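Below is one structure, written out as structure tokens; the observations come after it.
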Amino acid sequence: MLMLKEIAYNFYWSWNKEAFEVFKNINPDYWRWTMHNPVLLLNKIDPSYLKYAIENKHLGNSILNIYDEFKYYSDRKTYFEEKYFKPAKPSIAYFSAEYGITECMRIYSGGLGVLSGDHLKSSSDLGVPLVGIGLAYQYGYFTQLINRDGTQTENYELNDFESLPITLLRDDNYLPVKIELKFPGRTVLAQAWQAKVGRVKLFLLDTAIPENTVDDRGITDILYGGNNEKRIMQEIVLGIGGVRLIEKLGYDIKAFHLNEGHSAFLCFERIKNYMKLMNVSYEDAKAKCYFSNIFTTHTPVPAGIDIFQKDLFVKYLKDYSEREIGKDVNDLFLEGDLNPGDADNNSFNMAYLAINNSNFVNGVSRLHGDVSRKMWHLPEARTQITSITNGIHTPSYISKHTNKLFNAYFTDKWEFDDSIWERIGEIPDEDIWTLRLLNKIDLVSFVRKKIRNKFIFLGENDRLKDVDSILDPNALTIGFARRFATYKRGNLILRDPERLKKILNNRDKPVQIIYSGKAHPKDEQGKALISEILSFTKDENLKNKIIFLDNYNIFVARHLVQGCDLWLNNPRRPQEASGTSGMKVIANGGLNLSILDGWWAEGFSPENGWKIETIVDESTPNEQRDAFEAESLYSVLESEIVPMFFNRNSNGMPVEWIKKVKTSMINLAGHFSSDRMVKEYVEKAYIKAIEK
Ligand SMILES: *Cc1c(COP(=O)(O)O)cnc(C)c1O
């Protein structure tokens, strides 16, 4: 029991397949009902039932096994120790507004959060002495329900921190640790929740405590909701509050990593601390801190950046500026002022604040690095913007079948490093093909179950009879799942409905598409895209061949990237800074079809996937680009992809396709992993800051 509890309170369980299965096996219904939250499961389940379940289902050995593995994982020698030193305490702090770790922790909205979660997981795997800082949102991001008329309903479900795998941070006297922030006319306090992600700790600040006014308790209530004033308050808690928490914890942090600009106020707090500590000027302190701030930008479009109006900035930072830093607030404003000559400029740019204060600035793919350099054109005298391409935490996205296959071929504590990917060729074609079928059958039954549950929930019993004819495990299955932002063009493949119908309805070579994704609550165009797709799902000729799955989240994503044969990505180049979902299909044997944007611009080769031709000239009208690129998309599907998938040998296997799957794994899986990504951050940025 104690072992099980210890496992439950470390998110290590979320990427250990055996641990996930044990919690599920204790009681599958409870497991689903808790949204895969082992702490809630253990809290709610009757102890005698738990004992019975463990004995009766023979889970005891598995639990011992997992516990041993967990201990081994926590103590073993790692990359960081071997290459650098054995760390005693964290020396790198990673700041992010959202973290996507696993489905029950709803404090993420999409790619940025999932990337932060993967960054922590790989830091843990590699033994990088890093600590995460974020916010504990009571409502997180919304849950999406698609109505019968194709519109999106947004539900906000409460996160009950007490029943999540996190604990309240307490001091030696068992009192909650709190940090203090001066807001206009009042003091706001925040407590912190601690999550363990393998070896790494993540601290989440939370203002919902009795000492605060009712309004202030709501500062951290919701992710990317509310107005700009809520936003600036959240970012003060994250940036300034985060640095204060680190001090309280007694950490000697040498490198501060700002994942996107939301946390950039930390630059001020660091300067302030250094001024006090060394009794130096603002400029001297800034010059010193500059070398240990690392800023990762994630957007190639100016509209994606956090901007605060001057009056709001002054309202919240005047007192701080004058009293704590000893500077006029107008001087501080200049740090985020892109037009310092223009007395009328009203905008404070958080990314600019971060860039001004970070020696190391990077985009998240090579192409995005180029775009960022053009967008910001920094003075030649300073370090230029570079790039570190994103990656994914492979163990978090592989299916149990994939895991089992690798276990069978690579015995004895194999890990996801390059030595594994080189050996993919040893796996016979038959086993790769069986893996594909198993992964896809799981996806099909997942989709049917999810849709059946939805119909039951809505009381639409008349629709239940169709559920078992949804999707065909033998069809070429295309996945398209991401946020419904217009530049991602979720409807590109729908441009020519007749041509699409021909592709999908070929009786000998059937093809099907699964969609999923949320539109931001205020994005009417994004919502219109969802409605458009939904109208296609109702077409009699496409029924059960185009499916929309509600509520895209990590759980849905995992099933899709495991089961789909082909992952489709067709943004308007170069607006997709990196994109990571396509990386998640690789180890599961899926292939990519994408515009050469973000990671695919460097990942693609004709041996490991397909490209959609693009009009690179960005001044070309959208309509013209869309027409050209849709044509390319159809044509590569018709002339290459579908024929290759259905070109079977006498054993019914698509030999050419399987070869491509293997090449994709060998060439891409290691490189587009967050292990490679975190190593790059260590070697190019962290270690320099630490050793300074
Ligand atoms: C991986 C992932 C993303 C990011 O993928 P993109 O390709 O950037 O869209 C977003 N949301 C979820 C739930 C994910 O798992």
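Both counts, for ligands and for their atoms, begin at 1 and track the order of listing. Because the structure is a prediction, the values reported are computed rather than measured.
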Identify which of Asn553, Leu112, Leu115, Ile392 has a heavy atom lying nearest to atom 13 (C) of ligand 1.
Asn553
Min N/O separation [X] to ligand 1 under 3.5 Å:
X	result
Thr580	yes
Lys584	yes
Ser581	yes

Lys201 atom NZ: more than 12 heavy-atom contacts under 6.0 Å:
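Count not over threshold, so no.
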Considering only non-hydrogen protein atoms, determine which one is nearest to [atom] and report residue, atom name and distance to 0.1 Å.
atom	answer
atom 10 (C) of ligand 1	Gly111 N, 3.5 Å
atom 9 (O) of ligand 1	Arg482 CB, 3.4 Å
atom 12 (C) of ligand 1	Tyr552 CE2, 3.7 Å

Tell me whether the centres of the aromatic rings in Phe672 and Trp600 are closer together than 6.0 Å.
no
With heavy atoms only and a cut-off of under 4.0 Å, state how Asn569 meets ligand 1: side chain, backbone, both or neither.
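For Asn569, there is no contact with ligand 1 at all, from either part.
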I'd like to check the salt bridge (Lys or Arg N to Asp or Glu O under 4.0 Å) partners of Lys527; sequence neighbours left out, ordered by chain and number.
Glu154
With sequence neighbours excluded, residues passing salt bridge (Lys or Arg N to Asp or Glu O under 4.0 Å) with Arg625
none
About how many Å separate CD1 of Ile612 and CZ of Phe628, when rounded to the nearest 0.5 Å?
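Phe628 atom CZ to Ile612 atom CD1 measures 11.0 Å (nearest 0.5 Å).
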Can any side-chain N or O of Ser664 pair as donor or acceptor with the backbone N or O of Lys660 at less than 3.5 Å?
no
Give the ring-plane orientation class for Phe645 versus Trp657, where under 30° counts as parallel, over 60° as perpendicular and anything between as tilted.
perpendicular
If you count the atoms of ligand 1 from 1 in the order shown, which ones are under 4.0 Å from a heavy atom of Gly579?
7 (O), 8 (O)
